Protein chains: 2
Amino acid sequence: MARKTGSHSEITGPRIRAVAERLFARHGYAAVSMRQIAAEVGVQAGALYLYTPDKQSLLADMMREHLEGLLAALADLPAPPDPAEALAQFARFHVDYHILRPDAVFIAYMELRNLEPAHFAQVEALRRRYEDALEAILQRGRDMGVFSLPDTKLATLALIAMLTGVTNWYREGGRLGRAEVLGIYADMALKAVGAGPKR
Amino acid sequence: MARKTGSHSEITGPRIRAVAERLFARHGYAAVSMRQIAAEVGVQAGALYLYTPDKQSLLADMMREHLEGLLAALADLPAPPDPAEALAQFARFHVDYHILRPDAVFIAYMELRNLEPAHFAQVEALRRRYEDALEAILQRGRDMGVFSLPDTKLATLALIAMLTGVTNWYREGGRLGRAEVLGIYADMALKAVGAGPKR
DNA sequence: GTCTATACAGGGATAGAC
DNA sequence: GTCTATCCCTGTATAGAC
């Protein structure tokens, strides 16, 4: 009872972000109104502006935080000396991380065009760093002669597209379990670059 | 001189569709206004409604026509008895068709959530038919023992995601030529399902 | 800190003149 | 077939009461 009724700043802030993320993912940034977000949070539209300067920042912050979280989690992984092992680990990590955050992923890939140029540049730089991490693995594997790759950049983008595609269909409690899915994708990724599956 | 000035129905109709496609792809369906479309076409907003009942039909028609064109083109291909050859052909076809129609593809993948339920169902059915065509190839290859696939449905979706990803980066006149790109993708697709590249 | 009320721009769509 | 004018709704954002 220490807090006055009507004072919820520590709760409302995160709730706005959560609701906005769900609505943006479901209907698209441009199609969602501040009134809609406010209604789901349980406040008036005007109250949102206590927590965000505007709608655009809501989007940009959510995308930046998602990508920063992705990069931080990636950096926490060990760095296996064997390229095949490194690729398998990356594939499993990527699929797992994306499966667990479908809304954030969807937004990060679909709403780029709704970012103002300054925000776009920041987000693109983060995405680029992530792609570079995979490309480094592929490059090393090619240099060591264990991957067969006509073009590492193309392969990087092809693999990321393939792995990210999991979010288009995977549903918790579906026909295939998460561990199973991770394994299959890692397997396909390895084979796609001409390395045998890790055994 | 047979036609009165101001009468352009045979030109305006297609132009509206073309302009709408470009704008929807660039900014997103929800972010584009009828006034914007009209301005680019060179007519007043009200005139659009002579060619389309509403904005939603503009989107639904464009998506349905894209997918119908895709299916028709696919049906025109020969049906190689060798599954590896069939998959290579599918991969090359898919990448090529998508590379040549980046706007239509982008819309077909990004604007599904802006379709009303009835239109959504139609479009989903078409997409499903396309996926089934690839799955049939994979299934046959697995039955014949030339593909190594833990799950044909997952592999279908993974391959389509990988191949469609080409639209995220390919630009005419870039570092890699179209023929080269087709070859590399087909190669990766074959390897991903455990078949050697076609020689 | 949150509310109501509201400003003001722009949305989709229609009516009716030409 | 195209125009202007307009209806009515919804958009973002702010002001000021509580």
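Keep in mind that this is a model prediction, so the values were computed, not measured. A note on names: the letters A, B, ... follow the listed sequences, proteins ahead of strands, and every chain is numbered from 1.
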Quick one: A:D54 CG to D:dA13 P, roughly how many Å, whole number?
-> 5 Å
Indicate yes or no: does B:D61 engage B:R17 in a salt bridge with an N to O separation below 4.0 Å.
-> no
Round to a whole Å and report the spacing from CD1 of B:I16 to C1' of D:dT2.
-> 11 Å
Taken to the nearest whole Å, CG/B:L50 to P/C:dA15 is 13 Å
Indicate whether the side chain of A:Q139 and that of A:T152 have a donor and an acceptor atom separated by less than 3.5 Å.
-> yes
5' priority, DNA chain D, between A:A47 and A:Q36 [closest heavy atom] = A:Q36
Closest listed nucleotide, where the reference is the side chain of A:V43 and the choices are C:dG1, D:dG11, C:dC3 = C:dC3
Grab the CD1-P distance between A:I37 and D:dT10 for me, whole Å please.
-> 16 Å
Does OP1 or OP2 of D:dT2 have a side-chain N or O of B:T12 closer than 4.0 Å?
-> yes
Specify the separation, in whole Å, of atom CD1 of B:I11 and atom P of D:dG1.
-> 13 Å
May I have the distance from A:K55 (atom NZ) to D:dA13 (atom P), rounded to whole angstrom?
-> 8 Å
Taking only the side-chain nitrogens and oxygens of B:S33, find out if one of them lies under 4.0 Å from OP1 or OP2 of C:dG10.
-> no
Could you tell me whether the phosphate oxygens of C:dT2, OP1 or OP2, come under 4.0 Å of any side-chain nitrogen or oxygen in A:Q44?
-> no
Could B:R113 and B:F120 be counted as a cation-pi pair, given that NZ or CZ must be under 6.0 Å from the ring centre and within 45° of the axis?
-> no
Under 4.0 Å between any heavy atoms, over every strand shown, what does A:V41 touch: base, sugar-phosphate, or nothing? Just pick one.
-> nothing
Among C:dA13, C:dG1, D:dG11, the one nearest B:M34 by side-chain distance = C:dA13
Do the charged groups of B:R15 and B:E40 touch, with an N to O distance under 4.0 Å?
-> no
Which whole-number value in Å describes the distance from B:L58 CG to C:dA13 C1'?
-> 14 Å
Rounded to whole angstrom units, what separation is found between the CG atom of B:L48 and the P atom of C:dG12?
-> 10 Å
Base D:dG11 paired with A:R35 side chain (donor-acceptor, <3.5 Å) | yes
Report yes if a side-chain nitrogen or oxygen of B:Y51 is closer than 4.0 Å to either non-bridging phosphate oxygen (OP1 or OP2) of D:dT2; otherwise report no.
-> yes
Can B:M144 be reached from B:L134 by stepping across I, L, V, M, F, W or Y side chains whose heavy atoms are under 4.5 Å apart?
-> no
